Amino acid sequence: NYRMKPNETNGSAAQRSYMARHWRHHRSVRIARIVILILFLAVWEAAADAGLIDSFFFSSPVRVVTCFLTMVREKSLFVHIGVTLLETVASFLLVVFISLAAATLLWYSRGLSEILEPYLVVLNSLPKSALAPLLIVWLGTGIDTIIVAGISVAIFGAIINLYSGFLQVDPEKLKLVLTLGGNRRDCFFKVVLPASVPTILSNMKVNIGLALVGVIIGEFLAARRGLGYLIIYGSQVFQLDMLITSILILCAIAMGLYQIIQIAEAKQYMDRVGLDVDPRTLVSQLSVAKKQLVEIAKAISNDVKLLVLDEPTAAITDKETEMLFRIIRELQKQEIGIIYISHRMSELFEIGDVCTVMRDGEYVGTVKIKDTTEEQLTEMMVGRKVSFEKKDNPYFDRNQVVLSVEKLNYKNLVRDVSFELHQGEILGFAGLVGAGRTETAKTLMGYLKKDSGTVRYKGRELGTDLSKNI
């Protein structure tokens with residue numbers, strides 16, 4: 001959920017401006033949410049104090065906090081929270097296991113699915129609170145009844161959703177597995193189940209909430225402990241502070257359980273792109289290569305069929321490039337189309353299948369990588385044949401030093417830079433983003449004032465003020 005701040009990007013001025021606007025927008029949204037919550041609590045408290053609402057029935061923030069602290073001191077609250085969490089987690093895990101097993105069985109047996117489908121639809125439509133009295137009669141008043149109540153709320157919808165997800169897997173892939181000698185077991189474990197992981201995860205996010213609802217319904221009717229018991233007990237004895245406190249704690253538990261499922265979902269997508277990082281890690285703490293993998297994982301989470309990568313290796317190391325290429329090949333196997341924009345020929349020949357060349361904003365041509373060479377692509381890019389033969393120019397004295405720099409320093413960005421530029425020579429500065437190339441050039445030009453170092457042009461020292469070089 002972390003969003004990159006404007007000063008965490010080294011992009012163009014337009015990109016930094018966009019990032020600044022993006023950051024301000026999300027900051028204003030967070031502030032607005034906090035302000036609304038504070039205003040609501042303030043109005044609620046003020047209305048109770050002024051007698052506009054009856055604090056006996058509507059309570060107030062101060063009374064809720066007081067009730068919470070009292071229950072904490074009595075050490076009873078954590079017992080009730082623990083019981084509800086235990087029952088919810090048990091119900092949720094059983095729902096996941098049973099629904100997955102049932103949906104698998106229905107997928108294996110089309111005849112059985114045709115027989116059971118109308119019953120599943122009817123049971124899913126049935127109000128689950130209507131089953132609670134029967135469960136009490138059949139199972140008694142205990143934790144088993146409450147767990148079954150939690151299961152009953154979520155199980156039928158979970159089975160239907162998972163089975164529908166299994167049926168939506170590309171039939172051509174299944175036909176291919178069968179053609180190559182595989183059986184239905186191979187189809188399920190190699191095609192259907194992997195393709196249904198997003199469906200399973202989204203189903204889990206729904207089921208965790210439904211399991212909590214079912215547990216609370218069960219605690220209403222058949223419990224002596226748990227938050228549901230506190231809610232029903234508080235309403236019966238008119239301790240509405242306890243009732244509202246329990247409801248607020250339930251909201252916090254629901255948010256926490258949902259966050260856990262979200263982290264598990266994020267981890268699954270990160271594993272797909274080979275990113276071994278804690279999902280809670282801030283993006284600002286990651287390397288450039290890992291930030292790119294986060295973006296790819298985010299795109300995959302939206303079930304993309306086409307991924308556009310624009311110069312993805314411009315600011316990463318060779319080892320990180322190899323990791324990126326491995327991920328790209330895995331995405332190809334998952335039938336995700338990739339547009340890879342690059343000016344580096346070696347990369348195109350390593351991972352590309354087809355290459356389209358553009359020049360000056362116009363389409364030049366498309367060729368298959370296996371049927372072309374680097375020389376042909378270069379000619380298409382520049383519009384003429386390119387020769388890399390080195391030629392000496394008799395008018396240049398290669399031994400004459402034009403520019404000499406010794407131990408140039410600017411803050412912690414340029415440190416002890418020394419070089420000599422000879423007549424007729426092209427001297428290049430290479431390095432990753434943030435290595436100090438731009439700052440070195442700006443210091444030489446006088447745009448940035450050097451801290452120390454010597455700069456000589458044609459043997460003449462330029463002094464400390466280099467601004468006249470601009």
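Positions are given from 1 along the sequence. Please read all numbers here as calculations on a predicted model, not as lab measurements.
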Engineer: Going by side chain to side chain donor-acceptor pair (under 3.5 Å), name the residues that satisfy it together with Ser59, two or more places apart in sequence or in a different chain.
Structural biologist: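 Per chain and number, Ser59 pairs via side chain to side chain donor-acceptor pair (under 3.5 Å) with Asp241.
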Engineer: Salt bridge check, Asp276 against Lys290: does any charged N sit closer than 4.0 Å to a carboxylate O?
Structural biologist: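 A salt bridge is absent here (no side-chain N lies under 4.0 Å from a carboxylate O).
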Engineer: Can you list the residues that meet the ring-ring contact (aromatic ring centres under 6.0 Å, His included) rule with Phe78, with sequence neighbours excluded?
Structural biologist: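 Phe78 satisfies ring-ring contact (aromatic ring centres under 6.0 Å, His included) with no other residue.
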Engineer: Under the side chain to side chain donor-acceptor pair (under 3.5 Å) rule, collect the residues that match up with Arg329, sequence neighbours excluded.
Structural biologist: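 Listed in chain order: Glu350.
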Engineer: Taking only residues two or more places apart in sequence, or in another chain, which ones meet Arg280 in a salt bridge (Lys or Arg N to Asp or Glu O under 4.0 Å)?
Structural biologist: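 By the salt bridge (Lys or Arg N to Asp or Glu O under 4.0 Å) rule, Arg280 matches Asp278.
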Engineer: Anything under 3.5 Å between a donor and an acceptor, one on a side chain of residues 163-176, the other on a protein residue two or more places apart or in another chain? List them.
Structural biologist:
unit_1, atom_1, unit_2, atom_2, d
Tyr163, OH, Ser113, OG, 3.0
Ser164, OG, Ile160, O, 2.8
Asp170, OD1, Glu172, N, 3.0

Engineer: Go through the structure and list residues passing side chain to side chain donor-acceptor pair (under 3.5 Å) with Ser342, not counting sequence neighbours.
Structural biologist: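 Partners of Ser342 by the side chain to side chain donor-acceptor pair (under 3.5 Å) criterion, ordered by chain and then number, come out as Glu347.
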Engineer: Identify, with sequence neighbours excluded, every residue that meets ring-ring contact (aromatic ring centres under 6.0 Å, His included) alongside Phe58.
Structural biologist: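 With sequence neighbours excluded, Phe58 shows a ring-ring contact (aromatic ring centres under 6.0 Å, His included) to no residue whatsoever.
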Engineer: Using distance alone, with no hydrogens and no angle criterion, decide if Thr366 and Thr356 have a side-chain donor and acceptor under 3.5 Å apart.
Structural biologist: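 Distance-only check passes for Thr366 and Thr356.
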Engineer: Taking ring-ring contact (aromatic ring centres under 6.0 Å, His included) as the test, write out the residues that go with Tyr410, two or more places apart.
Structural biologist: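 Once residues adjacent in sequence are excluded, Tyr410 has no partner under the ring-ring contact (aromatic ring centres under 6.0 Å, His included) criterion.
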Engineer: Tell me, please, which residues at least two apart from Lys190 pass salt bridge (Lys or Arg N to Asp or Glu O under 4.0 Å).
Structural biologist: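 Scan of Lys190 (salt bridge (Lys or Arg N to Asp or Glu O under 4.0 Å), adjacent residues dropped) gives none.
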Engineer: With Asp310, which residues qualify under side chain to side chain contact (heavy atoms under 4.5 Å, CB included), at least two apart?
Structural biologist: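 Partners of Asp310 by the side chain to side chain contact (heavy atoms under 4.5 Å, CB included) criterion, ordered by chain and then number, come out as Ile341.
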Engineer: Does Glu439 pair with Lys442 as a salt bridge, N-O distance under 4.0 Å?
Structural biologist: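 A salt bridge is absent here (no side-chain N lies under 4.0 Å from a carboxylate O).
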Engineer: Holding to side chain to side chain donor-acceptor pair (under 3.5 Å), I want the full list of residues that pass it with Asp353, two or more places apart in sequence or in another chain.
Structural biologist: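 With sequence neighbours excluded, Asp353 shows a side chain to side chain donor-acceptor pair (under 3.5 Å) to Gln332, given in chain and number order.
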Engineer: Mind checking what makes ring-ring contact (aromatic ring centres under 6.0 Å, His included) contact with Phe349, not counting sequence neighbours?
Structural biologist: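 Expected list: none.
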